[in-house]
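First up is the structure itself, then whatever we jot down about it.
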Protein chains: 2
Amino acid sequence: MIGRVVGGDPKGYGGSMAFLLSQVGARTAQLFAAQIAPLGITPRAFAILSNLGARQPQTQQQLADGLGIHRNNMVSLIDELEASGWVRRHRSPDDRRAFEIHLTTAGREVVTQVNALVVSLNEELAGALAPAERAAFTSQLTRIAQSLELESAIHPHVAGRAHASPP
Amino acid sequence: MIGRVVGGDPKGYGGSMAFLLSQVGARTAQLFAAQIAPLGITPRAFAILSNLGARQPQTQQQLADGLGIHRNNMVSLIDELEASGWVRRHRSPDDRRAFEIHLTTAGREVVTQVNALVVSLNEELAGALAPAERAAFTSQLTRIAQSLELESAIHPHVAGRAHASPP
DNA sequence: AATGATAGTCACTAAACCGGACAATCCTCA
DNA sequence: TGAGGATTGTCCGGTTTAGTGACTATCATT
């Protein structure tokens, strides 16, 4: 009774976990992108800033590996971040090929602001559930994420070519 | 205690419903696309076939409206579907501008095959949960989908430009 | 019949991402 | 020590994907 897709109404994927998850996930990502857009930042760029907020400094290569983004794309991404004043390139003292990417004060501020938006988005999502349900739901969702071998730092959308859709 | 993102470890969005949902959703969509790819079909194309399976025939315009896909893009989508032999264009007797899109026998078969894949994907996802948890989880997910005003037929990824990513 | 709306089509554009190639630098080991 | 191979950041081109504008044929309304 798990995968009921054939029975009932055709075209009704309303009970399909796969469809629901990808649908809700896509919409959530849309909302997030729309909410941070006024700050002049994209989800991908924020992923970099956030990652730097956790560990600093990192080279472009380290960031690319950590987030699953292609090396080549990291170049222009850092360019934009630097142009926005959120990040600065410093030559590494250890390796003259590499740049150490440092978060600026403004960059740290953006991370804080976006984190606040994430909190409010979380509350908006959780609002559909009874307070008593929320912890269990998150725990179950986490278990699914683990079973899919998702690492907490890598988001399939942030990482390379990852389209696809329903269900 | 819903939106814990700031506390604990920075960069740790592991407890954020928004991040988890979009991450799991994106991965689910990826898996689905990968699983149907051997059949020579994309998620977008399947959405059309599946919709036709539920109501037939429909004009391109009706399909575009129903799935949230742009009219112009529907043209090449139907072209491919027709080239694959899953669909046929018949001139509408009522409106000589419009085409009625009809599912062929092969098209119906593909829908059946993909639906079977969806069932197995659902089982794979549900496998991370205890059997007793599954119904509640799906119900909660459905409530979240409703609170986001998601219609069961429209998938944000299938419909227009819908990138975005974390939290 | 005339005017405006609508269905489908096509061509052009914009964005995202990948792969290949390249210079500078590092590393290793004979 | 120095020569070959690997690595870092960079750039460029090609591909894919989706959206826009304009066009034709047809319908609907008056």
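What you are looking at is a predicted structure, and each value in this text was computed from that prediction instead of being measured. Below, chains carry the letters A, B, ... as their sequence lines are ordered, and counting in each starts from 1.
Annotation: side-chain contact (heavy atoms from CB on, under 4.5 Å) contacts of A/Gln62 (sequence neighbours excluded): A/Arg55, A/Gln58, A/Thr59. In this structure, the side chain to side chain donor-acceptor pair (under 3.5 Å) partners of B/Glu100, at least two apart in sequence or on a different chain, are B/His102. When the side chain to side chain donor-acceptor pair (under 3.5 Å) test is applied to A/Arg97, the partners found at least two apart in sequence or on another chain are A/Asp95.
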Sugar-phosphate means primed atoms, P, OP1 and OP2; the rest is base. With that split, encode nucleotides 24-29 of chain C 5' to 3' as B, S or - using protein heavy atoms under 4.0 Å. BBS---
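Here C/dT9 presents its P atom at 13 Å from CD of B/Glu80, a figure rounded to the nearest Å. Between the P atom of C/dC10 and the CG atom of B/Leu77 lies a distance of 14 Å, rounded to the nearest Å. Rounded to an integer number of Å, the gap from CD of A/Gln62 to C1' of D/dG9 is 13 Å. Straight-line distance from the CD atom of B/Gln61 to the P atom of D/dT26: 18 Å, rounded to whole Å. For B/Leu63 and C/dT6, the CG to P distance is 18 Å, given to the nearest whole Å. Residue A/Asn73 contributes atom CG, which lies 17 Å from atom P of D/dT15 at whole-angstrom precision. The distance from atom CZ of B/Arg44 to atom P of D/dG19 is 6 Å, rounded to the nearest whole Å.
In terms of heavy-atom proximity, B/Gln60 sits nearest to B/Met74 at O-CG, 3.8 Å. When all heavy atoms of A/Leu129 and A/Arg134 are compared, the pair lying nearest together is O-NH2, 3.0 Å. Here the closest heavy-atom approach between residue B/His155 and residue A/Ser22 is recorded as NE2-OG, 2.6 Å.
Annotation: the span from B/Leu21 atom CG to A/Gln23 atom CD amounts to 12.0 Å, rounded to 0.5 Å. Atom CG of B/Leu49 and atom CD1 of B/Ile101 lie 11.0 Å apart (nearest 0.5 Å). Here B/Leu141 contributes atom CG and A/Ile144 contributes atom CD1; the two are 8.0 Å apart, rounded to the nearest 0.5 Å.
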Below 3.5 Å between N/O atoms, which protein atoms pair up with nucleotides 10-12 of chain D? Just atom names and distances, please.
from, atom 1, to, atom 2, distance (Å)
D/dT10, OP1, A/Arg89, NH1, 3.2
D/dT10, OP2, A/Gln60, OE1, 2.9
D/dT10, OP2, A/Gln60, NE2, 3.0
D/dT10, OP2, A/Arg89, NH1, 2.8
D/dT10, O4, A/Arg71, NH2, 3.4
D/dT10, O4, A/Asn72, OD1, 3.2
D/dC11, N4, A/Asn72, ND2, 3.2

Every protein N/O lying under 3.5 Å from an N/O of nucleotides 1-4 of chain D:
none

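Within a 6.0 Å sphere centred on CZ of A/Arg88, heavy atoms belonging to other residues, nucleotides or ligands number 12 at most.
Salt bridge present: A/Glu133 and B/Arg143 bring a charged side-chain N and a carboxylate O closer than 4.0 Å.
Residue A/His70 places its side chain closer to C/dG19 than to any other of C/dG19, D/dG9, C/dG8.
Note on A/Thr59: only backbone sugar-phosphate atoms sit closer than 4.0 angstrom, heavy atoms only; bases stay farther off.
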